[in-house]
Protein chains: 2
Amino acid sequence: MSLHVVPVEGIGEVTVGTDLARLVTEHAELLEGDVVVVTSKIVSKALGLTSRSDRDTVVDQGTDRVVARRGPTRIVRTWSGLTLAAAGVDASNVEVGTVLSLPDDPDDEARAIRHGIAASTGLQVGVVISDTAGRAWRVGQTDIAIGCAGLSPFESFAGREDVHGNALAVTAPAVADEVASAAELASGKLGGLPVVVVRGLPAHLLLQDDGPGAAALVRAEDDDLFGLGSRDAVVAALGGSDGRGFPTDPQATLALVVDLARPNALPVVVAGEVVEITARRDRPDEVLEAGALRQRVESLALAHRLHTTVRVTLA
Amino acid sequence: MSLHVVPVEGIGEVTVGTDLARLVTEHAELLEGDVVVVTSKIVSKALGLTSRSDRDTVVDQGTDRVVARRGPTRIVRTWSGLTLAAAGVDASNVEVGTVLSLPDDPDDEARAIRHGIAASTGLQVGVVISDTAGRAWRVGQTDIAIGCAGLSPFESFAGREDVHGNALAVTAPAVADEVASAAELASGKLGGLPVVVVRGLPAHLLLQDDGPGAAALVRAEDDDLFGLGSRDAVVAALGGSDGRGFPTDPQATLALVVDLARPNALPVVVAGEVVEITARRDRPDEVLEAGALRQRVESLALAHRLHTTVRVTLA
């Protein structure tokens with residue numbers, strides 16, 4: 001099954017109130033089963049999400065919580081669950097002095113475009129709203145799907161086997177993100193081609209209904225091993241924050257946490273949610289170490305999202 | 001500029017010693033400027049990287065350091081700098097009871113295939129070796145380029161401006177990864193189509209020489225804000241490990257670290273690399289807090305990759 005990835009020519013400047021579904025159908029020759037990839041930039045422009053406010057203020061408004069910091073750069077989790085530098089607030093390809101923020105509900109915008117295309121043409125197409133995202137561990141960005149409709153956001157092989165009989169349980173290609181990446185290759189960051197048509201996707205990846213949207217591609221916060229940057233995680237754990245950004249772990253126990261805290265020679269007893277450390281009052285080295293151990297247990301418990309009370313008894 | 005993404009039919013089973021360049025030229029109608037995407041799986045099979053050893057043993061061999069753990073799953077950094085679950089060791093689409101490990105130098109394998117194709121056809125093509133990778137923050141996997149030759153791994157806009165005159169300094173699309181993602185859409189995880197041709201990439205992304213390879217897409221360890229999982233970072237910082245996995249930060253100072261450590265009411269003096277905490281010997285609460293504060297400063301210094309000696313003086 002071969003794919004064609006075709007940028008749509010002649011889109012021109014998008015302004016507040018532009019009907020994107022009409023814009024697409026006026027400029028693209030669509031077929032049933034095509035996937036239309038629209039950059040978030042023109043969705044935001046059509047929605048009038050341009051601001052003359054200070055960029056930091058707009059980033060603050062889009063921030064659920066800070067994930068990591070580097071100098072003046074903040075990588076944040078947005079209210080819709082995306083993890084993006086500067087909350088996806090964009091100062092490129094906009095008028096100088098303005099910034100553009102992301103739609104509140106990109107899946108809803110994808111559905112609106114899909115329904116608009118269906119209403120005027122009778123065609124069922126998939127729609128992806130794409131945005132550019134940096135990545136952990138790798139240089140450069142790829143486009144991802146921040147919204148989608150009429151398309152499986154990922155393909156699940158749970159319960160399937162390969163030709164050798166090996167289970168494929170954990171394999172789930174992120175189809176909508178891969179579509180966004182393919183479109184980016186054809187769109188040309190500088191060329192102003194904000195709409196791309198991807199033709200030829202296997203039929204089972206296209207849906208008759210809108211489907212779960214790109215929200216299904218957001219890893220649940222409790223399930224995310226990288227919910228805080230490495231350094232930021234340490235600051236959070238030692239600062240006794242609320243534990244957001246740390247994954248939950250059904251296998252975590254206080255006994256494990258105490259073991260990780262390297263209890264050394266001091267007597268430590270775990271009873272329910274209480275950890276009791278004993279040190280000799282007349283041995284300042286033991287009292288100092290008890291204080292350090294208390295800190296380690298408290299921080300590690302937070303990082304494992306366990307409630308505990310740590311008591312030090314001076315005997 | 002439209003792209004065509006075409007899977008190559010009829011490849012069949014790859015075994016040890018299979019000449020992949022010949023395999024590609026025998027089955028694909030190539031044109032100058034095409035990019036040939038080859039899954040790492042058949043590269044590994046051709047190299048004979050199949051093992052009957054215990055899977056954990058093979059993962060250990062491929063592991064430079066552990067990045068994060070979840071139950072029995074380890075996300076690790078491999079010797080070539082990739083961050084992958086189980087070091088990319090694969091138990092799917094292989095004979096039951098065997099596992100397949102990744103090539104030591106995937107860029108070298110990409111170059112070999114490219115040179116083989118050029119030698120037999122005279123065509124200059126790009127070659128990408130793809131693998132499937134999980135992601136921070138998002139569900140599902142996308143294919144990425146673990147090796148490439150004859151192709152810009154990313155497109156840099158440093159120094160360029162958009163049509164409004166805004167600098168595009170930080171934008172650098174990861175072209176090779178996006179090509180791998182596009183190819184995955186056409187290859188069909190279950191269909192056994194391990195070679196895909198991507199045609200129509202803009203000419204400036206193709207190189208006359210092999211180029212820097214996909215190694216250029218690996219974020220330098222010192223520059224990576226997510227070099228350790230959130231929970232694993234806390235364990236490392238409180239365990240006093242060697243600081244690998246934490247980013248370096250030229251702006252970090254010991255004064256910042258002491259401030260983050262929340263010094264409370266105890267007197268703290270920073271002098272060079274030494275942090276001196278004073279507590280009253282006859283006040284066990286102060287001695288306990290001094291121990292906890294020492295722990296916080298030591299751990300935060302490690303997370304900021306600063307050397308320090310923390311001394312507690314009991315007055």
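Values in this document were obtained by computation on a predicted structure and should not be read as measured data. Naming convention: chains lettered A, B, ... in sequence-line order (proteins, then strands); numbering from 1 in each chain.
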Worksheet item: Heavy-atom distance under 4.5 Å to chain B: side chain of Arg262(A), backbone, both or neither?
Response: side chain
Discussion item. Using heavy-atom distances under 4.5 Å, tell me whether Asp232(A) contacts chain B through its side chain, its backbone, both, or neither.
Written reply: neither
Worksheet item: Under a 4.5 Å heavy-atom cutoff, which of Gly239(B), Pro284(B), Ala290(B), Ala261(B) has the most pairs with chain A?
Response: Gly239(B)
Worksheet, complete the sentence: Ranking Arg135(A), Glu298(A), Arg77(A) by heavy-atom pairs under 4.5 Å to chain B gives rank one to Arg135(A)
Worksheet item: Where do Leu3(B) and Ala182(A) come nearest, in terms of heavy atoms and distance?
Response: CD1-O, 4.1 Å
Worksheet item: Which atom pair, heavy atoms only, marks the closest approach of Ser299(A) to Val234(B)?
Response: O-CG1, 4.1 Å
Fill in: Set of residues satisfying side-chain contact (heavy atoms from CB on, under 4.5 Å) with respect to Ala216(A), sequence neighbours excluded
Pro153(A), Phe154(A), Pro212(A)
Practice prompt. Would you mind telling me which of Ile144(A), Leu82(A), Val198(A) has the largest number of heavy-atom pairs within less than 4.5 Å of chain B?
Written response: Ile144(A)
Fill in: chain B contact via Leu205(A) - side chain, backbone, both or neither, heavy atoms under 4.5 Å
neither
Worksheet item: What option among Val235(A), Val6(A), Thr83(A) has the most heavy-atom pairs under 4.5 Å with chain B?
Response: Thr83(A)
Worksheet item: In terms of heavy-atom proximity below 4.5 Å to chain B, should Arg294(A) be classed as side chain, backbone, both, or neither?
Response: side chain
Worksheet item: By a 4.5 Å heavy-atom criterion (distance strictly below it), what part of Leu201(A) contacts chain B: side chain, backbone, both, or neither?
Response: side chain
Fill in: Considering all heavy atoms, the nearest Val287(A)-Leu288(B) contact
O-CD2, 3.3 Å
Fill in: Test log, rule side-chain contact (heavy atoms from CB on, under 4.5 Å), inputs Arg296(A) and Gln295(B)
CA-CA 8 Å; Arg296(A) 293 199 295 274; Gln295(B) 180 68 61; 2.7 Å; yes
Practice prompt. Decide yes or no for Leu238(B) and Leu238(A): does some side-chain heavy atom of the first lie under 4.5 Å from some side-chain heavy atom of the second?
Written response: yes
Worksheet item: Which bit of Leu293(B) comes within less than 4.5 Å of chain A, counting heavy atoms only: side chain, backbone, both or neither?
Response: neither
Worksheet item: Between Val139(A) and Val218(B), does a side-chain contact (heavy atoms from CB on, under 4.5 Å) hold up when you go through it step by step?
Response: CA-CA 6 Å; Val139(A) 172; Val218(B) 173; over 6 Å; no
Discussion item. Can you tell me which portion of Val197(A) sits under 4.5 Å from chain B's heavy atoms? Options are side chain, backbone, both or neither.
Written reply: neither
Worksheet, complete the sentence: Separation between CZ (Arg138(B)) and CZ (Arg219(A)), nearest 0.5 Å, reads 10.5 Å
Worksheet entry | Under 4.5 Å from a heavy atom of chain A, the part of Leu217(B) involved | both
Item to complete: Taking all non-hydrogen atoms of both residues into account, name the closest pair between Ser230(A) and Gly227(B) and its distance.
Response: OG-N, 3.2 Å
Item to complete: Among Gly81(B), Gly140(B), Ser2(B), Gly134(B), single out the residue with the greatest number of heavy-atom pairs under 4.5 Å to chain A.
Response: Ser2(B)
Worksheet item: Where on Leu185(A) is there a heavy atom nearer than 4.5 Å to chain B: the side chain, the backbone, both, or neither?
Response: both
Response to the item:
Most heavy-atom pairs under 4.5 Å with chain A, out of Ala133(B), Ala186(B), Pro250(B), belong to Ala186(B)
Fill in: Whether Gln141(A) side chain and Ala172(B) backbone form a donor-acceptor pair below 3.5 Å
yes
Item to complete: Answer yes or no: is there an ion pair linking Asp249(A) with Arg70(B), defined by an N-O contact shorter than 4.0 Å?
Response: no
Worksheet item: To the nearest 0.5 Å, what is the distance between CZ (Arg231(A)) and CZ (Phe246(B))?
Response: 9.5 Å
Fill in: CZ-CG distance between Phe226(B) and Leu228(A), expressed to the nearest 0.5 angstrom
8.5 Å
Practice prompt. For Arg55(B), check side-chain hydrogen bond (donor to acceptor under 3.5 Å, both in side chains) against everything at least two apart and list the hits.
Written response: none
Worksheet item: Is the side chain of Glu178(A) donor-acceptor paired with the backbone N or O of Asp143(B) at a distance under 3.5 Å, no angle test?
Response: yes
Worksheet entry | Test side-chain contact (heavy atoms from CB on, under 4.5 Å) applied to Asp177(A) and Ser181(B), step by step | CA-CA 8 Å; Asp177(A) 283 344; Ser181(B) 279; over 6 Å; no
Discussion item. Just verifying a value: how many Å separate Trp137(A) CH2 and Glu221(B) CD, rounded to the nearest 0.5 Å?
Written reply: 13.0 Å
Item to complete: Go through the atoms of Arg281(A) and report whether side chain, backbone, both or neither lie under 4.5 Å from a heavy atom of chain B.
Response: side chain
Item to complete: Look at Val312(A), Asp223(A), Val196(A) and state which one has the largest set of heavy-atom pairs under 4.5 Å with chain B.
Response: Asp223(A)
Worksheet item: Is the number of heavy atoms from other residues, nucleotides or ligands within 6.0 Å of CZ (Arg305(B)) greater than 12?
Response: yes
Worksheet item: Is the count of non-hydrogen atoms from other residues, nucleotides or ligands lying under 6.0 Å from Arg311(B) atom CZ greater than 12?
Response: no
Worksheet entry | Where Gln251(B) and Gly71(A) come nearest, the two heavy atoms and their spacing | OE1-CA, 3.3 Å
Worksheet item: Which of the residues Leu302(A), Leu300(A), Leu260(A), Leu314(A) is involved in the greatest number of heavy-atom pairs with chain B at under 4.5 angstrom?
Response: Leu300(A)
Worksheet item: Using non-hydrogen atoms only, which part of Leu225(A) is less than 4.5 Å away from chain B: side chain, backbone, both, or neither?
Response: both
Item to complete: Identify which part of Val175(A) has an atom lying under 4.5 Å from any heavy atom of chain B, answering side chain, backbone, both or neither.
Response: both
Worksheet item: Among Val179(A), Asp224(A), Val257(A), which has the most heavy-atom pairs under 4.5 Å with chain B?
Response: Asp224(A)
